[in-house]
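Heads up: the structure comes next, in structure tokens.
Counting starts at 1 for both ligands and their atoms, following the listed order.
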Amino acid sequence: MHFLHVVGARPNFMKVAPVTRALAARQRVRQTLVHTGQHYDQNMSDVFFRELEIPEPDFNLAVGSGTHAEQTGQIMLRFEPVVVEQKPDRVLVYGDVNSTIAAALVCAKLQIPVAHVEAGLRSFDRSMPEEINRLLTDQLADLLFTPSPDGDRNLLREGVPRERIHFVGNVMVDTLVRLLPKAAAALPAGLPEHYALVTLHRPSNVDDLSGLKSLLDALAGIGATLPIIFPVHPRTRQKIGELGFSHSESLQLWEPQSYLQFLALQQKATVVITDSGGIQEETTFLGVPCLTLRDTTERPVTVEVGTNVIIGRDMNLLVREVKAVLNGKRKNGRIPPLWDGRAAERIARILEETG
Ligand code: UD1
């Protein structure tokens with residue numbers, strides 16, 4: 001069997017790593033890895049390949065940045081000849097980024113079967129580009145691997161046949177479980193004893209300058225009692241630059257961190273404040289309180305079972321929740337079912353059986 005994996009952006013890398021490893025342990029499997037180049041900076045891509053021990057991509061499409069149509073269109077144009085030449089038996093796509101939908105769409109037209117890893121998640125908010133990518137990819141895939149039972153329910157409601165859906169657990173947790181023992185050594189030096197770890201990159205939080213300013217002001221206020229470590233995504237850095245906001249001891253603006261560094265930072269954090277999807281999951285696994293600066297989540301299991309609290313854009317609520325954590329009133333969560341480090345093994349077994 002020849003499996004071709006497509007990845008493009010930072011959150012894809014920790015998902016593809018365990019699946020390629022689990023498949024490599026099987027006999028008679030050939031694998032090809034395509035990197036679309038959606039993320040291309042050293043610290044958004046290369047360092048993850050190194051730390052996660054992902055094989056060098058066989059193809060790098062080097063699409064880079066652009067509008068959604070430009071980026072998605074370029075990926076389709078550059079991916080089609082690769083997949084036609086490679087003739088894989090199946091293509092695997094990951095998560096919800098533009099690379100995911102672009103590759104799935106090319107394959108569907110060429111009648112190449114597509115498996116979607118991290119299927120079925122829904123925020124029910126179609127203003128998020130990722131929600132469009134999730135909905136469409138799940139309609140095009142014929143094998144859907146879900147991380148939590150809500151994913152199965154969403155897919156069934158959308159008319160996806162039961163036999164295509166497989167609840168396998170969370171592949172990102174596979175990577176976390178494997179690399180957690182190495183993380184402590186990557187903890188950056190000179191950290192305050194207690195700190196809040198912050199990430200922000202959603203267009204809805206960072207693209208509008210006055211909204212971003214009120215977020216940064218609220219964070220600076222929190223920083224007076226709990227220092228803030230904020231590794232800044234490139235699109236956010238650009239916007240912060242436009243605002244002229246400056247670095248301080250209480251609100252430290254850092255470069256994007258490597259996988260191991262960020263994992264170590266999460267594990268030691270008093271609280272994590274984020275608008276990321278994957279970080280809601282990682283904090284739930286680690287048992288660290290997470291405050292999510294979004295109105296919705298496509299990962300409800302992190303709220304229902306885990307340590308996640310949805311804050312929206314209510315800065316007073318954010319400040320109150322941080323105070324509650326500092327006063328020892330943190331939300332205690334549990335680890336969701338099948339987040340056990342073996343999701344990729346289940347995927348490999350199903351792929352072997354199904355083809
Ligand atoms: C993408 C995903 C998002 C995911 C995020 C993780 C989509 C629609 N969005 O958003 O779901 O949570 O990745 O990071 O696919 N840039 C660089 N260097 C890079 C990559 C990006 O400087 O290596 C800058 C560019 O200015 C670019 C901007 O960041 O225009 C946004 O990058 P893009 O890939 O369009 O979307 P993300 O915001 O990263």
Can you hop from V198 to L209 via hydrophobic side chains spaced under 4.5 Å?
yes

Using 4.0 Å as the upper bound for N to carboxylate O, is an ion pair formed by R320 and D314?
no

Side-chain hydrophobic cluster, 4.5 Å single linkage: members besides I310:
V303

R157 atom CZ: more than 12 heavy-atom contacts under 6.0 Å:
yes

Ligand 1 versus M128: contacting region, heavy-atom distance under 4.0 Å
neither

Of all protein heavy atoms, the one nearest atom 8 (C) of ligand 1 is N98 OD1, 3.3 Å

In plain terms, say whether R178 and D174 are close enough for a salt bridge, that is, a side-chain N and a carboxylate O under 4.0 Å apart.
no

Within a distance under 4.0 Å of any heavy atom of P234, pick out the atoms of ligand 1 and give their elements.
16 (N), 17 (C), 18 (N), 22 (O), 24 (C)

Heavy-atom distances under 4.0 Å decide this one: backbone, side chain, both or neither, for R235 against ligand 1?
both

The closest protein heavy-atom partner of atom 3 (C) of ligand 1 is E130 OE2, 3.2 Å

Measure the acute angle between the ring planes of F48 and F13, then classify it against the limits of 30° and 60° as parallel, tilted or perpendicular.
tilted

Ignoring hydrogens and angles, tell me if any N or O in the side chain of E51 forms a donor-acceptor pair with the backbone of F49 under 3.5 Å.
no

For atom 2 (C) of ligand 1, what's the nearest protein heavy atom and its distance?
V97 CG1, 3.7 Å

Using a cut-off of 6.0 Å, state whether more than 12 heavy atoms not belonging to E193 lie near its atom CD.
no

Going by the atom numbers of ligand 1, which of them fall below 4.0 Å from some non-hydrogen atom of H201?
4 (C), 5 (C), 6 (C), 12 (O)

Looking only at protein heavy atoms, which one is nearest to atom 35 (O) of ligand 1, and what is the separation?
Q71 NE2, 3.7 Å

Do me a favour and list the nearest non-hydrogen protein atom to atom 17 (C) of ligand 1 with residue, atom name and distance?
Y40 OH, 3.2 Å

Please state which option from H39, E70, M44 has its nearest heavy atom closest to atom 39 (O) of ligand 1.
H39

Using every non-hydrogen atom in the two residues, find where G151 and T146 come nearest and quote the distance to one decimal.
C-CG2, 3.9 Å

Any N or O of H68 that comes nearer than 3.5 Å to an N or O of ligand 1?
no

Given that the side chain starts at C-beta and the backbone is N, CA, C, O, which of these parts of S276 lies under 4.0 Å from ligand 1, counting heavy atoms, or is it both or neither?
neither

Considering heavy atoms of the protein only, find what lies nearest to atom 18 (N) of ligand 1 and give residue, atom and distance to 0.1 Å.
D41 OD2, 3.1 Å

What atoms in ligand 1 come closer than 4.0 Å to a heavy atom of S65?
25 (C), 27 (C), 30 (O)

Ignoring angles and geometry beyond distance, decide whether N133 reaches within less than 3.5 Å of ligand 1 through its nitrogen or oxygen atoms.
no

With ILVMFWY side chains joined below 4.5 Å, transitively, what does V91's cluster contain besides itself?
L4, V6, V34, F59, L61, V63, I75, M76, F79, V82, V83, V84, V93, I101, L105, V106, L110, I112, V114, I132, L136, L140

Below 4.0 angstrom, N of the basic side chain to O of the carboxylate: do E352 and R349 qualify?
no

Ranked by distance from atom 6 (C) of ligand 1, the top protein heavy atom is P11 CD, 3.5 Å

Sub-4.0 Å atoms of ligand 1 with respect to non-hydrogen atoms of H233
14 (O), 29 (O), 37 (P), 38 (O), 39 (O)

Which ligand 1 atoms, with their elements, are less than 4.0 angstrom from a heavy-atom of Q238?
26 (O)

